[in-house]
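Shown next, in structure tokens, is the structure this report addresses.
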Amino acid sequence: MRVRFWGVRGSIAVPGPTTNRYGGNTSCVEIAADGIDPIIIDAGTGIRHLGKELAGSAFGSGRGTAHLLISHTHWDHIQGLPFFAPLYTRGNRLHVYARRRDTHLRAVFASQTESPYFPVPLDEMRADVTFHELGDSQKFTIGPAEVRCTRLNHPWIALAYRIQMGERSVVYASDTAPFRDILFEHEFIGQPPAPGAPLEPAKAAALAAMRRSLVELCRGADLLIYDTQFTAEEYRQKPHWGHSTPDDAIAIAREAEVGTLALYHHAPDRTDDEQDAILTHCRAALSGVPLGLVAAREGLELTLDASGARPTKGSG
Ligand SMILES: [Zn+2]
Ligand SMILES: [Zn+2]
């Protein structure tokens with residue numbers, strides 16, 4: 001199984017000299033294996049480059065099928081979809097999976113390309129697009145891949161996915177806050193809670209259950225890709241934004257005994273040098289701990305096999 005990062009940024013695309021090495025495109029990860037249709041997680045701006053590469057294969061002649069798992073429909077996870085080249089070739093098929101909402105998923109995605117926001121309506125795109133609505137703990141298959149999901153702690157709710165093929169597995173968990181200070185549902189939270197304010201017991205129990213389910217989803221995975229947008233200080237200031245820190249991700253990874261953790265969904269203001277420093281600091285803290293650690297970067301491909309997650313492209 002190969003996992004390739006096409007966009008690793010949170011919130012908004014930030015190309016420029018201070019983000020060139022990790023990359024400025026927003027969330028998009030491709031999961032590939034010989035003989036299976038590509039599985040894509042999230043359609044941030046990174047999906048544009050992936051679409052161009054796929055157009056060089058069966059998708060260029062309208063014979064391609066891809067599966068797109070959406071964590072949630074915030075801009076940084078869907079903004080690249082109208083620029084995904086395979087959508088414009090008749091005969092291609094795209095299956096889109098996302099959490100069920102009050103509005104049908106097709107309407108949610110169609111509204112993204114309504115006039116005057118985009119020139120081509122979803123219904124005019126030539127590929128055949130099918131939407132699959134998911135519950136919070138659904139299991140389904142995509143060819144030989146078994147897919148499971150669980151709910152994350154994020155405003156308007158996001159899903160984490162585990163993709164298992166034979167012995168190999170990857171979990172994608174973005175976006176999520178830690179499971180201790182705020183329970184996010186379907187509302188905008190404008191202010192952080194007062195420091196030290198106790199959480200209602202029912203909310204604390206719901207968060208504990210959500211965390212347990214996530215740890216079980218991650219159990220023994222070869223690779224865990226996790227929202228680590230914030231430093232500890234940034235989290236203290238913005239706990240109501242719905243993102244985690246590397247320490248939160250490391251705690252989940254260690255509890256679930258995953259092989260390698262990929263820091264992901266980097267803050268838009270994070271420079272390459274700052275991201276290097278975060279990675280170095282975390283690696284030092286993990287000295288002697290059996291957990292591999294990488295910071296996701298655009299173009300990085302990790303191959304998962306019995307010996308772990310090895311970089312096979314873009315690690316320079
Ligand atoms: Zn995001
Ligand atoms: Zn989000």
Side-chain angles (χ1 to χ4, degrees), residues 5-15 19 22-30 40-48 50 68-84 96-103 105 108-109 111-112 134 136 149-161 170-179 181-190 192 207 210-211 214 224-231 234-235 237-246 248-249 252 261-270 275 278 295-298:
F5 295 96
W6 293 89
V8 299
R9 199 62 61 170
S11 305
I12 189 165
V14 285
T19 56
Y22 285 92
N25 280 300
T26 56
S27 310
C28 181
V29 171
E30 176 197 10
I40 305 161
I41 312 183
D42 279 340
T45 60
I47 202 172
R48 178 176 169 274
L50 169 58
L68 173 60
L69 310 177
I70 296 286
S71 63
H72 63 310
T73 52
H74 286 161
W75 277 121
D76 49 326
H77 301 260
I78 62 163
Q79 196 164 17
L81 189 57
F83 299 89
F84 185 55
V96 180
Y97 306 75
R99 187 176 189 272
R100 182 177 299 116
R101 305 172 63 98
D102 294 341
T103 311
L105 280 180
V108 172
F109 281 88
S111 66
Q112 187 187 9
L134 303 176
D136 278 345
C149 53
T150 195
R151 181 189 158 168
L152 293 171
N153 191 30
H154 192 63
W156 281 273
I157 302 175
L159 286 182
Y161 293 98
V170 55
V171 173
Y172 180 98
S174 190
D175 301 0
T176 190
F179 303 87
D181 301 311
I182 301 179
L183 173 63
F184 290 96
E185 305 265 13
H186 297 274
E187 78 261 298
F188 173 68
I189 297 174
L207 286 171
M210 208 185 296
R211 191 180 188 283
L214 177 59
L224 169 61
I225 300 164
Y226 204 99
D227 170 5
T228 55
Q229 174 151 338
F230 284 153
T231 63
E234 288 163 352
Y235 177 75
Q237 292 172 16
K238 299 168 184 167
H240 55 311
W241 282 28
H243 298 290
S244 292
T245 70
D248 299 317
I252 297 273
L261 168 67
L263 309 179
Y264 183 71
H265 201 271
H266 309 317
D269 285 337
R270 190 82 64 228
Q275 191 61 51
I278 289 169
R297 66 170 73 205
E298 239 171 274

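Computed over heavy atoms, backbone and side chain alike; hydrogens, waters and symmetry mates excluded. In each ligand, atom 1 is the first atom listed, and ligand 1 is the first ligand listed.
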> Which atom, among the N/O/S set of Asp76, is closest to the Zn ion (ligand 1)?
Replying inline: OD2
> Taking 2.8 Å as the cut-off, does an N/O/S atom of His77 lie below it from the Zn ion (ligand 2)?
Replying inline: no
> When the ring centroid of Tyr235 is compared with that of His243, is the distance short of 6.0 Å?
Replying inline: no
>> So that I can check it, does any N, O or S atom in His74 come closer than 2.8 Å to the Zn ion (ligand 1)?
In response: no
> With the Zn ion (ligand 2) at the apex, how many degrees lie between NE2 of His154 and NE2 of His72, rounded to 10 degrees?
Replying inline: 100°
>> Check this for me: Asp269, atom CG, are more than 12 non-hydrogen atoms of other residues, nucleotides or ligands nearer than 6.0 Å?
In response: no
>> Quick check against the 3.5 Å criterion: does Tyr226 have a side-chain atom that pairs as donor or acceptor with the backbone of Thr245?
In response: no
> Does a donor on one side chain sit under 3.5 Å from an acceptor on the other, for His186 and Asp102?
Replying inline: no
> What N/O/S atom of Asp175 gets nearest to the Zn ion (ligand 1)?
Replying inline: OD2
> Do Asp76 and Arg9 meet the salt-bridge criterion of a basic N to acidic O distance under 4.0 Å?
Replying inline: no
